[in-house]
**Q** 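Questions regarding the structure given below will be posed in turn.
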Amino acid sequence: MNSDLSKIDPRQAWQPFVPDAKRPWNRALAAHLYRRAGFAATWDQLTAAVKQEPAELVAQLVRGPKTDEAFERQSRDLAEAMLATGNPQNLSAWWLHRMIGAPHPLLEKTTLFWHGHFATSAAKVTDPRLMLAQHELLRQHALGKFGPLVQAVSRDPAMLIYLDSTTNRKVRPNENYARELMELFCLGEGNYSEQDIKQIARCFTGWEVRNGRFRFREFQHDEGSKTFFGKTGNFGGQDAVRIVLDQPAAAEFIAGKLFRFFVCDEPAPPPALIDPLAEQLRKNDFTTGPVIERILSSRLFFSGASVGRKIRSPVELSVGLLRALGGATNVYRLAEELAQLGQAVFFPPNVKGWEGGRYWINTSTLLGRANLVGRLVSGEESKFAAGDLAQLAERCGATSPEEVVDWLLELLVAVPIPRKAREPLVKLARSTGGAAGKPVGTVIHAMSLLPEFQLG
Amino acid sequence: MSTTRRRFLSASLGSSAMVAMTPRVPGFLLEAAAREQDNKQGENVLVVVQLSGGNDGLNTVVPYADDAYGRNRFTLRIGKDQVRKIDDYAGFHPAMEGFAKLLEDEKLAIVQGVGYENPNRSHFESMDIWHTARRKGQPRRVGWLGASLDAAARVGPDVPAMHLGQGKQPLALASLKVNVPSIRSLESFCFRDGKDRALVGAIEQALTPKRDANNDLLQFLHGSTSAALASSRRIQEVLGRGKTTVQYPATKLAGKLRDVAQLIDADLGTRVYYVTLNGFDTHAAQNNAHAALLGELAGALTAFSEDLKSRGHDRRVLTLAFSEFGRRLRENASAGTDHGAAAPLFLIGPRVKPGLIGRHPSLTDLTSGDLKYHTDFRRVYATLLENWLGWKSAEVLGGKYKPLNVLA
Amino acid sequence: MFAHKHTLPGSLAPGVVLLCLLASSPSIAADKAKAEKSAAQLLPSSTIVYAEVTQPKKLLAALLDHPLRKRVESLPPVAKALDGPGYVIVNAVVKHLEEQIGLPWRGAVGALSAGGIHFAIDGRTKGAVLLVKSRDAKTLVTVRDALFKLVRQDAKTKKKPDPIEDKTYRGIPAYKMNDLLLATAGRWLMVTNNAKLGREVLDRYLGDDSKPLADNSRFQTARKTIAGDPTLWAYLNVAAIRDAGIAAELFSGKTDNPAIELLAGGILDTLGQTPFATGSLYLDDKQARLVLATPHQRGWTSKGRAYYLGPKGEAAAPPLLLPKQTLLSLSTYRDLGGMWNAAPDIFNEQANAGLSKANSDLSNLFAGQDFGEDVLGAMRPEIQIVLARQDFTASDLPTPAIKLPAGAIVFRMKDPAKSGRRMKVAYQSIIGFLNIAGAQNGQPQFELDSETHDGGKIVSATYLLDDEEIAAKTGKINYNFSPSIGLIDGRLIIASTRQLARELVTLIKASGSSAEKQTANTQVRLSARVLSEVLGDNKKQLLAQNMLEKGHTPQQAEAEIGMLLGILGWAKDASLKLSINKQAMRLEVGLRFQETSADGRKD
């Protein structure tokens, strides 16, 4: 398929991917799927994946395994322990720990997507309980219906605190939430007027947060008639959300954001390419799971227009590396390192969330990414289930320097690197003998400064 | 091309002779990087020093000759023979020896009576106003510097702004797109195994081959990675060169400004550096505490200015020192002062018009016991954005503000 | 056991003397006489560090037969190491040596070091030397030869050159191995890294009597201070070290760090003046005790340090406060107001600038009272600090998930009538400030309350929670606190909980009139049992942290935390005592072990 989005036939793009001789189903494509539908696959997962049908695997990844009760219980206990400290930064550590071990990575990934979409920062909210409550709400609806999600977020204390909307009285309606509801959450700029904001703000009067709890104060609610988007009535906040979601722009806006998150950073897709996804959303009550499944199993997704066309976020990069290698690390430290790289979970930089794409990259973050990878593979506050990386390589059948380099490239790097770029890596693997696990770690460290390594 | 810059390029990228000798350094990247460096030459840098807590402007630039000053500062007053005289009305606090010298060297402008309409006396609110140039109730997603970066900064390897410090990043730097790092030490700009020759050699070689021309992202990353490695080498070189001949005082602020000087020297394309000095909220026992703070400020800025000069960068660096508000004219009963309004701010660098800018606000014509402002802080911002950084200011500041005539 | 019968040097001495008398050859007789020189007679007077273990067998027994040994060996990581390949090799080597020497290794070590182990560093030659005195020359030679054989064999199998170079010095067999020189002279084994020092020692052995350490007057004075029978005794020629300019910072008598100043300021002056220091370690089944001592004179202390030692130089701390479940108790003599005033003399400019800023901030908090002058200055120098495990069962508040110990500091006020009320006002304004700040951050609010308890006045602040909050059982960390102050018998109690304030009022009331006869400047006691309980209270938290920090599974975390708590369970308590009198300064650090019954369990 053509990698130029404007030349792609929208009817073809979303057809299910069927491997053929030109584009065979292999480890590279399976790794691409795992990277986008989660964080990364282990070698064993890739080996198993290529024996499956792509569509079957996608369905499996979207559905996820049966709820792992033990994992959930442990995760809840850990979250409780983090809440007890009162420090929301510890929640970041907790979520990273969860992402590294989660049995249903796509759920974590989409929760991260919604966290960026409904960006709320603990820097302002401060109470970790409210942050966790919002987080659970996002997870609960992550692959479900968008409507109930927006309704729930609209009453979410953390969100309202973050948007300075803890009071909203009829004499002076607070327009903040109404504005963000349309601009950032549902429609996007240009799809509403200032007048719409004023009218919708009136619908939300009486919605308040007190002592960390949402409440509706009837006497502060504007009972008058409101007119927006061609409707008139004594609407409340719930009605407002419903009417906003009925706008044609809503489905396109959400489909467009999913496209950018799952398919590619750039260029912006032509509307015709988004339409089929938007249509599917409208038809299915804005249920996002099936749309994500359609994207992940499409011809476009497995084409050159998508593979290696995203710059990995710091979370994707580090959690992906650890998952691929079966590693664990000090997640408190990881949370701090990721903050330095611009992605502190629970602390998005502003109401628009993470801009992402090229904005992840500058001199400071590139060196920071390499240093983080260097730290993780050096075993400094990290460890690997296989014992050390050399043992892992051996278990995966990579023993010679060439095999180690090829194995790592296939496991960790989304696009092929030039042949001439591979040679120095092989040489490096050969020259770095000695301590167990070291040559493998050193090669990964070197790879972390390849431009290809940032792609996912 | 200046000599320092050439020195860097040869250190970090190798001279063209070296390029010829070693196939390791990709020639086209070298040229591109050198071009980039050339373009950056002469780009002005702004350093912001935020004095948090509300600096007592009246005991910083002291109106020693004014009877009203002595009357209202009955225990805290600084006498005629103690001040470092600026003119026959005002003088610096005695701890600010360095500022007197900067003034003598024509590197210091003191903008008097800076503030805004209906002053807010809460630290947080007033600081937010200074950071966003917006009042409460107006949308405040971004800061005045962050918004400027969104509008003006190139996407790429450059780190257009940096905050040096441990604490929360100031709202002034909040932007919607640009990632502004908070730096704890210069090491965060060094590749941690930069001294491992085998490793670095392998990376350099692996970066040499061209990448798929059809993948814009990959092209972008390829260029950025080469630039990042070059920066890492430059920083390592600057660090390796060791301490400068300039002696910095052993204070925290001086330490941060020394880092800034080294970063400017290493040139990462950074236009804005931001540091803070806390502790100006002197409600009680102000005398010694304020003297210590002003001493730290003056000492650090003087050393910084000398250091920049010795490194050959001083003409493209301007430093702003401001606080969220001044303090009340009349001292309180705890030998301290309470939150006030208008105050002086400072601009430092060889390209300022030295001396006092604007008159000292009257000590008898007050608003609720506080000095009245006559210069809106957004005019200072407009000056810095338009006339120093070369960026547009109207949208960022929410209106057109006339730049001050303070830059030579 | 073999070693037991033969290694008492005292009982051997007459036999050796007899042998000497009988010996016909004068050279042999001289040799025997020389052999009786002590290590201090062999070492140079310029020795700056000297350490001796006079009865290594006892130390070995104390370590190897210690009731804790089995427990240490049963710790999973230790047990794993003991099972590991490294230990197997060690065992094989030991076994081989035992065969060569014909003695079990413990017996061999005992015999080899029967006359004591001595270590010294010489200031003049900058060399270090180890002197080990064996039971008899024959044992020494046997062990030496066996070891050398092993080393040479090893080198040979690895095809390396002979690592041992044979030499002699004035008829004494000597050897060079890498950078070390070895010599065996009579019962002495000498190892040194410095040829000059080695020669000097052997010269003395052969009859040279010039300037031995034993004649050094500082050393002689230090020797006289030995109390009891220390397992290890060490001497430090502080004056010589100081004169050599080593660690000049330490001896400058100044520090820039207020925390270090408060802890050790009074010691710094003495370190700058004292001729020597000694250390004695006492180790047995029940405890380990380390005593560091140095001579002290009043005149050595600078004026600014009066806050630390008192105007007469030997001020004493009040007794330790020991409420129920005391985790840590500290009492000390520190005139904090005096220190604040003397800061310009004690600290450098930077630290003073920091204190000025702190003074302004704290004065702010104390409602405009000058912190140094009005707050610290109103207190007498006797200070007591206590941490105690909390009992949450009595509280109406939800139990916090992280259970912190309660803490309190007790001051004696110079003018209780005046300061007591002032402190109450300051306390009220701080609580008010906390309430305003808390309200902005959505924290629960404090409610002030005052009561009379056992004749004392207590003002306390407890969280006022609505029913919803109580029902939510959020377990916030805040619920550890009900900050309170108590006033009784001229004392000011500042406590983190009302419960602790009440308990201390009762304790102080009860001890009120009893004379406070104390000798220590500072005393600290830490209960290992309570510490283990406090950690146990927070086990869930520790497990979670362990998992996130180390990437452990719940089982791994459980094992590691369990081990930590287990090790703590071996100890009873730890203590520290700093005493200063007209002649000496003494710092005593002790660790008492939990007594164990025969089956290895705790009593």
**Q** Can you tell me if CZ on A/F216 sees more than 12 non-hydrogen neighbours from other groups inside 6.0 Å?
**A**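 Buried by this count: over 12 neighbours within 6.0 Å.
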
**Q** How about NZ on C/K324, more than 12 heavy atoms from neighbouring residues, nucleotides or ligands closer than 6.0 Å, or not?
**A**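 It does not: C/K324 NZ has 12 such atoms or fewer within range.
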
**Q** Any donor and acceptor pair, going by atom type alone, linking the side chain of C/E549 with main-chain N or O of A/N330 inside 3.5 Å?
**A**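 Pair absent, no side-chain N/O of C/E549 close to backbone of A/N330.
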
**Q** Would you check, one step at a time, whether the test side-chain contact (heavy atoms from CB on, under 4.5 Å) holds for A/N211 with C/D466?
**A** CA-CA 10 Å; A/N211 291 334; C/D466 55 21; 4.1 Å; yes

**Q** Mind checking the CG-OH spacing from C/L548 to A/Y332? Nearest 0.5 Å is all I need.
**A**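 Going from CG on C/L548 over to OH on A/Y332, the span is 4.5 Å.
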
**Q** Within the structure provided, determine whether C/K540 and A/E80 are in side-chain contact (heavy-atom separation under 4.5 Å).
**A**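 No, too far: nothing below the 4.5 Å cut-off.
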
**Q** Is a side-chain N or O of A/K383 found less than 3.5 angstrom from the main chain of C/K550, in a donor-acceptor match?
**A**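 Such a contact is found between A/K383 side chain and C/K550 backbone.
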
**Q** Between A/L334, A/D127, A/V331, which residue shows the highest count of heavy-atom pairs closer than 4.5 Å to chain C?
**A**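 Most pairs with chain C among the choices: A/V331.
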
**Q** Take atom CZ in A/R210; do more than 12 heavy atoms of anything else shown fall under 6.0 Å from it?
**A**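 Open: at most 12 neighbouring heavy atoms sit under 6.0 Å from CZ of A/R210.
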
**Q** For A/T126, is it the side chain, the backbone, both or neither that has a heavy atom under 4.5 Å from a heavy atom of chain C?
**A**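 Just the side chain, heavy atoms under 4.5 Å.
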
**Q** If you count heavy-atom pairs under 4.5 Å with chain C, which of A/E381, A/R333, A/R213 comes out on top?
**A**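 With the most close heavy-atom pairs to chain C, the winner is A/R213.
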
**Q** Measuring heavy-atom distances to chain A, does C/Q443 have an atom under 4.5 Å in its side chain, in its backbone, in both, or in neither?
**A**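 No part of it gets close to chain A.
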
**Q** Roughly how far, to the nearest 0.5 Å, is the CD1 atom of C/I402 from the CG atom of A/L83?
**A**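 Answer for the CG-CD1 pair, A/L83 versus C/I402, is 10.0 Å.
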
**Q** Closest heavy-atom contact between C/I477 and A/A84?
**A**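 So the two residues come closest at CB-O, 3.7 Å.
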
**Q** If you compare all heavy atoms of A/Q74 against all heavy atoms of C/M547, which two are closest, and at what distance to 0.1 Å?
**A**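 Minimum heavy-atom contact is NE2-CE, 3.2 Å.
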
**Q** Can you say whether A/T85 sits under 4.5 Å from chain C via the side chain, the backbone, both, or neither, judging by heavy atoms?
**A**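 Answer is both: backbone and side chain atoms of A/T85 are under 4.5 Å from chain C.
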
